[in-house]
Student: 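If you scroll down you'll find the structure; I have some questions about it.
Every value quoted in this text rests on a predicted model; they were computed, and no experiment measured them.
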Amino acid sequence: MRRRRSAQVLVASGLVLAVLCSLAATAFLLTRTTTVVSDAAPDLLQIPVVRAEVRAQFSAGIEAAYQPVPVSEAVLDIATERMVDNGYVIDEFGVAFDSAHRAWLDGGALAVSLDPTVVTRAAQTGLSDADPVFAAANPLPELVTPAPIPIPWDGSADSAETAMRVFGVLALGGLVMFAAGAIIEPRAGRPLKALARGVVAWGALVIVVGLVPSGALVSLDDRLAAVAALVGPIRLPMLIVAAVVLFCGLWLHGAADRIVAGVVRSVDSARHHSAAASPVRSGGRRLGRQSTRRRAAAIDAFFDADQPAKDNATDEADQTVDADDPFGDEVPMVIDARGGGEDDGGVEESDDVDDGAPPDRPAPTPEQERAEALAAERREALERIDGTKGGYRTHLGR
């Protein structure tokens, strides 16, 4: 029970850590991507803290251009508001933000320098909308040159890179924790289903971040609003990727049991296959050096070892004959009754005896038959080893 609880804690905590830290690392990666930041410049300009800093620099530039003629605060408020919403200023802000971000990555400050010509044209239009009489009586005597606009972005490029790496390492640590919990988990299907839920959670969070506008996060935190603004240019591809990940997580959760069962069957099959004996190699083999001499020596040794068996079989046959013949090696005398031998009883000579025929060989005993069969079998085995009976050879050593 303790092992199961420990596995569940490791799996759950590892997945939560991996999901949250991967999203945080992705956010810091977006802040270091120049193309994404420059495309998100119009949305960043709508964040209140950034917008207030831009308006302050426009007001200072207009006052510096009109000196010593004073400009009322009401006129400046309306004029700077119209200048920030001017399309030319928004486009120029995006171009200038691209250069500022590249300088920030090189270690400089994140400050946007706008083109004075574009700013002067926007200031003239804004003053005309705020107070047409004042703008007609007091045209701008010189270009409005605002100072570099600092973006209230905490941290440098190095700190953002460090944070991205730290969150990436934490995400990998979460995956390691999940793997450790999956190893000690006695039920194989539970970690896979937990992984599927983690994938679903990651996709759902990405969809939520992609759908929430930056304006809704302004009241919470300017940093969250900036992250939402950075997401704006990549919202559509991000939602597509999140939908695919969400679908994969749901499918994995539904097919977890089948996947685990298939893996278990594959592992068992591979284990049984490795435990089975390997087949014997067959076919002709190339003979090595001195093979003829070694083969001849092996055949001679075999027949030398087989000779005692034949001798033993012959001795047994002799013993069998001796047991049947009470005379032993002595040949009994046959006395011709017609010739009048010493024994008057006489023994008639058999008509079946043929003096010119060779003597009959005794029938082989069972022991002799077995010995001869064994010798023939060994001879055939040696011929197969030698390869003289066919193109295949056995696995026996020469």
Student: Between His253 and Ala194 (side chain of the first, backbone of the second, donor and acceptor by atom type, cut-off under 3.5 Å), is there such a pair?
Tutor: no
Student: Going through the checks in order, is the side-chain contact (heavy atoms from CB on, under 4.5 Å) test met by Asp85 and Ile90?
Tutor: CA-CA 7 Å; Asp85 294 334; Ile90 294 175; 5.6 Å; no
Student: With a 3.5 Å distance limit and no angle check, can you tell me whether Arg32 reaches the backbone of Ala157 through a side-chain donor-acceptor pair?
Tutor: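 Yes, Arg32 side chain to Ala157 backbone: donor-acceptor pair under 3.5 Å.
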Student: Do the side chains of Leu114 and Val112 get nearer than 4.5 Å, heavy atoms only?
Tutor: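 Sidechains of Leu114 and Val112: in contact.
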Student: For the pair Arg102 and Asp106, evaluate salt bridge (Lys or Arg N to Asp or Glu O under 4.0 Å) and give the outcome as yes or no after the intermediate values.
Tutor: CA-CA 6 Å; Arg102 296 180 186 278; Asp106 293 336; over 6 Å; no
Student: Looking only at heavy atoms, which two atoms of Leu44 and Val50 are closest? And how far apart?
Tutor: O-CB, 3.4 Å
Student: Measure across Ala229 and Ile47 and return the closest heavy-atom pair with its distance rounded to 0.1 Å.
Tutor: CB-CD1, 4.5 Å
Student: Please check: side-chain N/O of Gln46 versus main-chain N/O of Asp43, any donor-acceptor pairing under 3.5 Å?
Tutor: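 Judged by distance alone, no pair lies under 3.5 Å.
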Student: Please examine the side chains of Ile184 and Leu10, heavy atoms only from C-beta on, and report whether any two atoms are closer than 4.5 Å.
Tutor: yes
Student: Is it the case that one hydrophobic cluster holds both Leu140 and Val69, taking links as side-chain heavy atoms less than 4.5 Å apart, direct or via other members?
Tutor: yes
Student: So among Asp129, Val54, Ile62, which one has a side chain to side chain contact (heavy atoms under 4.5 Å, CB included) with Met83?
Tutor: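 Running side chain to side chain contact (heavy atoms under 4.5 Å, CB included) over Asp129, Val54, Ile62 with Met83 returns exactly one hit, Ile62.
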Student: How long is the span from the CG atom in Asp158 to the CG atom in Leu105, to the nearest 0.5 Å?
Tutor: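 Nearest 0.5 Å value for the CG-CG distance: 9.5 Å.
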Student: Angle between ring planes, His101 versus Trp104, binned at 30° and 60°: parallel, tilted or perpendicular?
Tutor: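 Tilted: the ring planes of His101 and Trp104 meet at 30° to 60°.
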Student: Under the criterion salt bridge (Lys or Arg N to Asp or Glu O under 4.0 Å), I'd like the reasoning laid out for Glu81 against Arg51: C-alpha separation, chi angles, the key distance, then a yes or no.
Tutor: CA-CA 9 Å; Glu81 184 71 20; Arg51 189 181 183 91; 2.8 Å; yes
Student: Would you check if the side chain of Ser22 reaches a backbone N or O of Ala171 as a donor-acceptor pair within less than 3.5 Å?
Tutor: no
Student: Which pair of heavy atoms, one from Glu142 and one from Ala65, lies closest together, and at what distance?
Tutor: OE2-CA, 3.6 Å
Student: Is there a donor-acceptor pair under 3.5 Å between the side chain of Arg55 and the backbone N or O of Asp77?
Tutor: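 Side chain of Arg55 to backbone of Asp77, a donor-acceptor pair under 3.5 Å: yes, one is there.
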Student: Does a sphere of radius 6.0 Å around OH in Tyr88 hold more than 12 heavy atoms from other residues, nucleotides or ligands, not counting ones at 6.0 Å or beyond?
Tutor: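 No, the 6.0 Å shell around OH holds no more than 12 heavy atoms from other groups.
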Student: Looking only at heavy atoms, what is the nearest atom pair of Val144 and Ala123, with distance?
Tutor: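 Heavy-atom minimum between the residues: CG2-CB, 4.1 Å.
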Student: Are any of the side-chain heavy atoms of Ile259 and Leu252 separated by less than 4.5 Å?
Tutor: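 Side chain of Ile259 against side chain of Leu252, heavy atoms only: contact under 4.5 Å found.
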Student: Measure the CG-CD1 distance between Leu110 and Ile151 for me, rounded to the nearest 0.5 Å.
Tutor: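 If I round to the nearest 0.5 Å, the distance is 5.5 Å.
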Student: Any heavy-atom pair between the side chains of Leu23 and Leu205 that's under 4.5 Å?
Tutor: yes
Student: Start with the C-alpha distance between Leu30 and Ile234, add both sets of side-chain angles, then the distance that settles side-chain contact (heavy atoms from CB on, under 4.5 Å), and finish with yes or no.
Tutor: CA-CA 10 Å; Leu30 292 178; Ile234 59 173; 3.6 Å; yes
Student: With heavy-atom distances below 4.5 Å as the criterion, would you say the side chains of Thr31 and Val36 are in contact?
Tutor: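 Side-chain contact under 4.5 Å: no.
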Student: Report the distance from atom SG of Cys21 to atom CZ of Phe167, rounding to the nearest 0.5 Å.
Tutor: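 Interatomic distance, Cys21 SG to Phe167 CZ, rounded to 0.5 Å: 6.0 Å.
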Student: Which distance, rounded to the nearest 0.5 Å, do you find between the CG of Leu195 and the CZ of Phe178?
Tutor: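 Taking CG in Leu195 and CZ in Phe178, the distance rounds to 4.0 Å.
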Student: Can you measure from CD1 (Ile78) to OG (Ser128) and round to the nearest 0.5 angstrom?
Tutor: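 Going from CD1 on Ile78 over to OG on Ser128, the span is 12.5 Å.
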Student: Are Leu76 and Ile149 linked, directly or through intermediate hydrophobic residues, by side-chain heavy-atom contacts shorter than 4.5 Å (ILVMFWY only)?
Tutor: yes
Student: Looking only at heavy atoms, what is the nearest atom pair of Ala196 and Gly249, with distance?
Tutor: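 Nearest pair, atom of Ala196 first, then Gly249: CB-O, 3.4 Å.
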Student: May I have the step-by-step check of side-chain contact (heavy atoms from CB on, under 4.5 Å) for Arg4 and Arg190, ending in yes or no?
Tutor: CA-CA 11 Å; Arg4 182 179 300 176; Arg190 294 293 295 272; 5.9 Å; no
Student: Going only through I, L, V, M, F, W and Y residues with side-chain contacts under 4.5 Å, is there a path from Val200 to Val19?
Tutor: no
Student: Does some side-chain heavy atom of Val119 sit less than 4.5 Å from a side-chain heavy atom of Val89?
Tutor: no
Student: With a 4.5 Å cut-off on side-chain heavy-atom distances among I, L, V, M, F, W and Y, is there a chain of contacts connecting Trp202 to Met164?
Tutor: no
Student: Is there a side-chain contact between Val206 and Met238, using heavy atoms and a 4.5 Å cut-off?
Tutor: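 Side-chain contact under 4.5 Å: yes.
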Student: Is there a continuous path of hydrophobic side-chain contacts, each under 4.5 Å between heavy atoms, that joins Val84 to Val75?
Tutor: yes
Student: Measuring from Leu29:CG to Arg165:CZ, what's the distance to the nearest 0.5 Å?
Tutor: 12.0 Å
Student: Between Ala41 and Phe97, what is the shortest heavy-atom contact and its length?
Tutor: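 Where Ala41 meets Phe97 most closely, the heavy atoms are CB-CB, 4.2 Å.
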